[in-house]
Amino acid sequence: MNIEQLMTANEAELADINNLMRQLAYDHASLTLITLEVLKEIVKDKKIVIMVARDGEKIAGTATLITNRTISGFDGVMDDVVVDEKYRG
């Protein structure tokens with residue numbers, strides 16, 4: 001298992017991330033899956049860091065760090081932390 005920052009986005013990574021978001025969502029009916037275009041925009045955003053856990057090429061987990069500059073310095077919020085149910089335990 002390798003932990004790394006997601007620096008690019010392709011169809012396979014998009015499918016893995018959308019699968020993880022389905023597992024994170026409490027209400028699957030209201031879940032809006034992201035598109036490849038949106039994922040590419042997020043990856044390019046300097047204020048957002050997406051960390052992924054990879055098992056080979058498969059993304060088995062993800063966490064998103066959203067950073068912001070404040071008067072006192074930098075601040076960050078962790079969001080969308082999820083591990084694929086097949087890897088939990």
Side-chain angles (χ1 to χ4, degrees):
M1 190 78 56
N2 292 321
I3 309 296
E4 61 189 51
Q5 183 176 348
L6 188 64
M7 301 298 289
T8 61
N10 61 42
E11 290 288 343
E13 292 164 332
L14 174 68
D16 288 344
I17 288 173
N18 277 330
N19 178 54
L20 290 168
M21 292 302 102
R22 282 186 200 95
Q23 294 177 44
L24 183 64
Y26 293 108
D27 180 9
H28 296 281
S30 66
L31 177 66
T32 302
L33 300 177
I34 64 171
T35 64
L36 185 56
E37 180 180 332
V38 170
L39 182 57
K40 286 180 178 181
E41 288 174 12
I42 293 168
V43 167
K44 288 180 185 177
D45 191 325
K46 299 284 188 213
K47 293 184 177 185
I48 302 173
V49 177
I50 300 175
M51 298 301 293
V52 295
R54 289 189 188 267
D55 183 8
E57 292 297 313
K58 179 178 177 46
I59 296 176
T62 186
T64 304
L65 174 64
I66 304 156
T67 61
N68 193 30
R69 184 150 192 173
T70 65
I71 293 172
S72 62
F74 286 95
D75 189 21
V77 176
M78 292 296 297
D79 201 3
D80 297 332
V81 178
V82 61
V83 174
D84 190 302
E85 59 193 1
K86 297 173 189 166
Y87 293 85
R88 296 177 200 164

Give a yes or no on whether a salt bridge exists between Lys58 and Asp84, defined as a side-chain N under 4.0 angstrom from a carboxylate O.
-> yes
Mind checking whether Met78 and Leu24 sit in one hydrophobic cluster, side chains of I, L, V, M, F, W, Y counted as touching below 4.5 Å?
-> no
Can you check whether Gln23's main-chain N or O pairs, donor with acceptor, with Glu85's side chain at less than 3.5 Å?
-> no
Nearest-0.5 Å distance that lies between atom CE in Met21 and atom CG in Asp16 = 11.0 Å
Nearest-0.5 Å distance, CG of residue Asn2 to CG of residue Asp55 = 9.0 Å
SB check Arg54 Glu13 (cutoff 4.0 Å) = yes
Could you tell me whether the side chain of Asn18 and the main chain of Ile34 form a donor-acceptor pair under 3.5 Å?
-> yes
hydrophobic_cluster_shared for Met1 and Val83, side chain cutoff 4.5 Å = yes
Gln5 atom CD, over 12 foreign heavy atoms within 6.0 Å | yes
Taking every heavy atom of Ala9 against every heavy atom of Val43, the minimum-distance pair comes out as CB-CG2, 4.4 Å
Is there a donor-acceptor pair closer than 3.5 Å between any side-chain N or O of Thr62 and the backbone N or O of Met51?
-> yes
If you measure from CD1 on Ile48 to CD1 on Ile42, what distance do you get to the nearest 0.5 Å?
-> 5.5 Å
Other residues, nucleotides, ligands: >12 heavy atoms within 6.0 Å of Glu37 CD = no
Check step by step if side-chain contact (heavy atoms from CB on, under 4.5 Å) holds for Thr67 and Leu65.
-> CA-CA 6 Å; Thr67 61; Leu65 174 64; 4.0 Å; yes
Please check if Leu20 and Val81 belong to a single hydrophobic cluster, counting links between Ile, Leu, Val, Met, Phe, Trp and Tyr side chain heavy atoms closer than 4.5 Å.
-> no
Given Asn68 and Phe74, is the side-chain contact (heavy atoms from CB on, under 4.5 Å) satisfied, shown in steps?
-> CA-CA 6 Å; Asn68 193 30; Phe74 286 95; over 6 Å; no
To the nearest 0.5 Å, atom CD1 of Ile50 lies from atom CG of Leu39 at 5.5 Å
Honestly curious: do Ile59 and Val38 fall in one hydrophobic cluster under the side-chain, below-4.5 Å linking rule?
-> yes
Do the side chains of Arg88 and Val82 get nearer than 4.5 Å, heavy atoms only?
-> yes
Would you give the length of the straight line joining atom NZ of Lys44 to atom OG1 of Thr8, rounded to the nearest 0.5 angstrom?
-> 11.0 Å
Check the hydrophobic clustering (I, L, V, M, F, W, Y; side-chain heavy atoms under 4.5 Å; chains of links allowed) and say if Val49 and Ile17 are grouped together.
-> no
